[in-house]
S.K.: 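Please see the structure below; I have some questions.
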Amino acid sequence: MSDPRYARSFETVSEQYERARPEYAEEAVDWLVDRLGLGPGDRVLDLGAGTGKLTRQLVRRGLAVVAVEPGDEMRGVLERVVPEAEALAGTAEAIPLPDGSVDAVTAGQAFHWFDLELALPELARVLRRGGLALLWNVWDEEDPLLAAVDRLLAEHRPPAARESSLAEALHGSAFGPVEELVARQERALTGERLVEWAGSTSGMINAPRAEQERIAAEIRRLAGPGERLVSIKTRAYVAQLSDGSSGIRATSS
């Protein structure tokens, strides 16, 4: 079970989260829309929506998005920056929607915080068809600078935020085989922008103050002056409603 204290810690950095976090690779969002058979006007639940990083990308594709976010501060930012979405207070374990009311469920950077014993039946309950799509932007291990930042943050990252087997997590649920796509995007970032991004993650938020300052100084040193072109990796997963069988079919770009 995920500790909700860690998930709610993002409330303290909601504006920073909005400024610093990148959107997801457009290729990955297009892929999940295609795999879930979504079209303009279809109703999508974006769960644990945060400040709406994924929400806005779904809205831009003509989807009717209900964004559910438990944190008042995060949801307040979402309502300001993505007014086209319907924003509701709620959690993955108690979704404030009726049965069979959405065509797909998405979660960006949030699924690892869910209590899956309670959340997976809720996800299946609100779906009338389609399935589940999950996205994470991760520090790309093939980019030397971002890989170094990842190592700095790893020690203070809560267990729930560390990689685990998604196929294992969904095994025995209403969701079937897991399909995976890895996509990348390039961004020009300064050392300060990298510090701000790192500071919006659980690995930094949950570190002692002195350790936060040490990590920030080391990121600035590693990045050097000016902008650096970095590669940001998006990991995307889709699982359709099924008999609960599991397995991963992977593609990459």
Side-chain angles (χ1 to χ4, degrees), residues 2-3 5-29 31 48 50-51 53-54 57 74 77 107-113 134-166 169 180-237 248 250-253:
S2 173
D3 189 331
R5 293 175 300 173
Y6 290 120
R8 295 298 181 89
S9 65
F10 294 101
E11 284 284 273
T12 64
V13 294
S14 56
E15 293 290 350
Q16 180 177 339
Y17 192 106
E18 172 60 22
R19 289 192 307 270
R21 290 290 185 105
E23 293 185 4
Y24 300 95
E26 296 290 349
E27 177 188 354
V29 181
W31 177 77
T51 66
K53 289 292 179 179
L54 177 57
Q57 291 181 272
M74 298 286 271
V77 175
Q109 225 78 23
F111 185 75
H112 51 286
W113 300 117
L134 310 172
L135 290 93
W136 282 271
N137 277 333
V138 298
W139 307 99
D140 192 343
E141 71 278 2
E142 295 183 19
D143 184 291
L145 176 56
L146 295 192
V149 173
D150 186 39
R151 288 192 293 272
L152 287 169
L153 297 171
E155 180 181 350
H156 301 286
R157 190 171 289 136
R162 297 169 188 162
E163 285 197 25
S164 59
S165 169
L166 187 60
E180 177 184 1
L181 176 79
V182 175
R184 287 177 168 83
Q185 57 180 311
E186 290 189 332
R187 294 282 184 91
L189 298 176
T190 64
E192 287 304 319
R193 289 291 303 279
L194 271 174
V195 167
E196 191 167 47
W197 181 7
S200 75
T201 68
S202 59
M204 190 83 132
I205 295 169
N206 295 291
R209 180 65 181 174
E211 185 67 359
Q212 291 180 11
E213 294 173 354
R214 184 193 71 81
I215 293 171
E218 183 62 10
I219 292 173
R220 293 186 185 99
R221 186 192 70 79
L222 289 167
E227 290 187 332
R228 286 277 300 272
L229 193 65
V230 299
S231 170
I232 301 169
K233 182 164 73 172
T234 299
R235 301 187 72 95
Y237 303 89
I248 293 183
T251 58
S252 62
S253 61

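Computed from heavy atoms alone, side chains included, the values below leave out hydrogens, waters and symmetry copies.
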S.K.: One pair to check against side chain to side chain contact (heavy atoms under 4.5 Å, CB included): L153 and T201. What are the steps and the verdict?
M.R.: CA-CA 9 Å; L153 297 171; T201 68; 3.8 Å; yes

S.K.: Of all the heavy-atom pairs spanning L135 and A28, show the shortest one and how long it is.
M.R.: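 Smallest interatomic distance, heavy atoms only, reads CD2-CB, 4.1 Å.
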
S.K.: Looking at every heavy atom in both G191 and A223, which two are closest together, and how far apart are they?
M.R.: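 Here G191 and A223 meet closest at CA-CB, 3.6 Å.
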
S.K.: So, E26 side chain and Q57 main chain: donor-acceptor pair closer than 3.5 Å or not?
M.R.: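 Here the side-chain-to-backbone pair does not exist.
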
S.K.: Do Q109 and Y24 have side-chain atoms, one donor and one acceptor, less than 3.5 Å apart?
M.R.: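 A pair is found: one side chain offers a donor N or O, the other an acceptor, under 3.5 Å apart.
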
S.K.: For the pair Q212 (side chain) and A207 (backbone), establish whether a donor and an acceptor sit closer than 3.5 Å, ignoring hydrogens and angles.
M.R.: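 The answer is yes, because a donor-acceptor pair under 3.5 Å joins these two groups.
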
S.K.: Any salt bridge linking R209 with E213? Criterion: basic side-chain nitrogen under 4.0 Å from a carboxylate oxygen.
M.R.: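 Looking at E213 together with R209, the answer is yes, because their closest N to O distance falls below 4.0 Å.
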
S.K.: Looking only at non-hydrogen atoms, find the nearest pair between G203 and H156 and report the distance.
M.R.: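 Closest approach of G203 to H156: O-CB, 3.1 Å.
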
S.K.: Passes side chain to side chain contact (heavy atoms under 4.5 Å, CB included), D150 versus D140? Steps please.
M.R.: CA-CA 8 Å; D150 186 39; D140 192 343; over 6 Å; no

S.K.: For the CZ atom of R221 and the CD1 atom of I219, what is their distance to the nearest 0.5 Å?
M.R.: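 One finds 11.5 Å between CZ of R221 and CD1 of I219.
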
S.K.: Which residue in the set E18, R21, R19 passes side-chain hydrogen bond (donor to acceptor under 3.5 Å, both in side chains) when paired with S200?
M.R.: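 Result: among E18, R21, R19, R21 is the only option passing the side-chain hydrogen bond (donor to acceptor under 3.5 Å, both in side chains) with S200.
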
S.K.: When you look at M204 and I215, which way does the side chain to side chain contact (heavy atoms under 4.5 Å, CB included) test go after all the steps?
M.R.: CA-CA 8 Å; M204 190 83 132; I215 293 171; 3.8 Å; yes

S.K.: Is there a side-chain contact between L222 and L152 (heavy atoms, below 4.5 Å)?
M.R.: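 Side chain of L222 against side chain of L152, heavy atoms only: contact under 4.5 Å found.
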
S.K.: For the atom pair CD (E192) and CH2 (W197), what is the distance rounded to the nearest 0.5 Å?
M.R.: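 Result: 15.5 Å between the selected atoms.
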
S.K.: Measure the spacing between OH of Y237 and CH2 of W136 and express it to the nearest 0.5 Å.
M.R.: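 Y237 OH to W136 CH2: 6.5 Å, rounded to 0.5 Å.
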
S.K.: How close do L54 and A107 get, counting heavy atoms only, and between which atoms?
M.R.: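 Shortest heavy-atom contact: CD2-C, 4.2 Å.
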
S.K.: Which is it for L194 and L146 under the side chain to side chain contact (heavy atoms under 4.5 Å, CB included) test, yes or no, and what are the steps along the way?
M.R.: CA-CA 9 Å; L194 271 174; L146 295 192; 3.6 Å; yes

S.K.: Is a salt bridge present between K233 and E141, judged by a nitrogen-to-oxygen distance below 4.0 Å?
M.R.: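 Counted as a salt bridge, because a side-chain N and a carboxylate O are separated by less than 4.0 Å.
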
S.K.: With a 4.0 Å cut-off on N to O distance, would you call R184 and E142 a salt bridge?
M.R.: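 A salt bridge links R184 with E142.
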
S.K.: Which distance, rounded to the nearest 0.5 Å, do you find between the CG of N137 and the CZ of R235?
M.R.: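 Those atoms lie 12.0 Å apart.
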
S.K.: Do V77 and E15 make a side-chain contact, defined as non-hydrogen atoms from C-beta onward lying under 4.5 Å apart?
M.R.: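 Yes, close enough: below the 4.5 Å cut-off.
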
S.K.: Please report the closest heavy-atom contact between P22 and K53, naming both atoms and the distance.
M.R.: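 In this case the closest contact between P22 and K53 is O-CD, 4.3 Å.
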
S.K.: As an exercise, state the distance from CD of E218 to CD of E211, rounded to the nearest 0.5 Å.
M.R.: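 Rounded to the nearest 0.5 Å, the CD-CD separation comes to 10.5 Å.
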
S.K.: Would a distance-only check, ignoring hydrogens and angles, find a side-chain to backbone donor-acceptor pair under 3.5 Å from T234 to A25?
M.R.: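 Answer holds: yes.
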
S.K.: If you measure from CH2 on W139 to OG on S231, what distance do you get to the nearest 0.5 Å?
M.R.: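 That separation rounds to 12.5 Å.
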
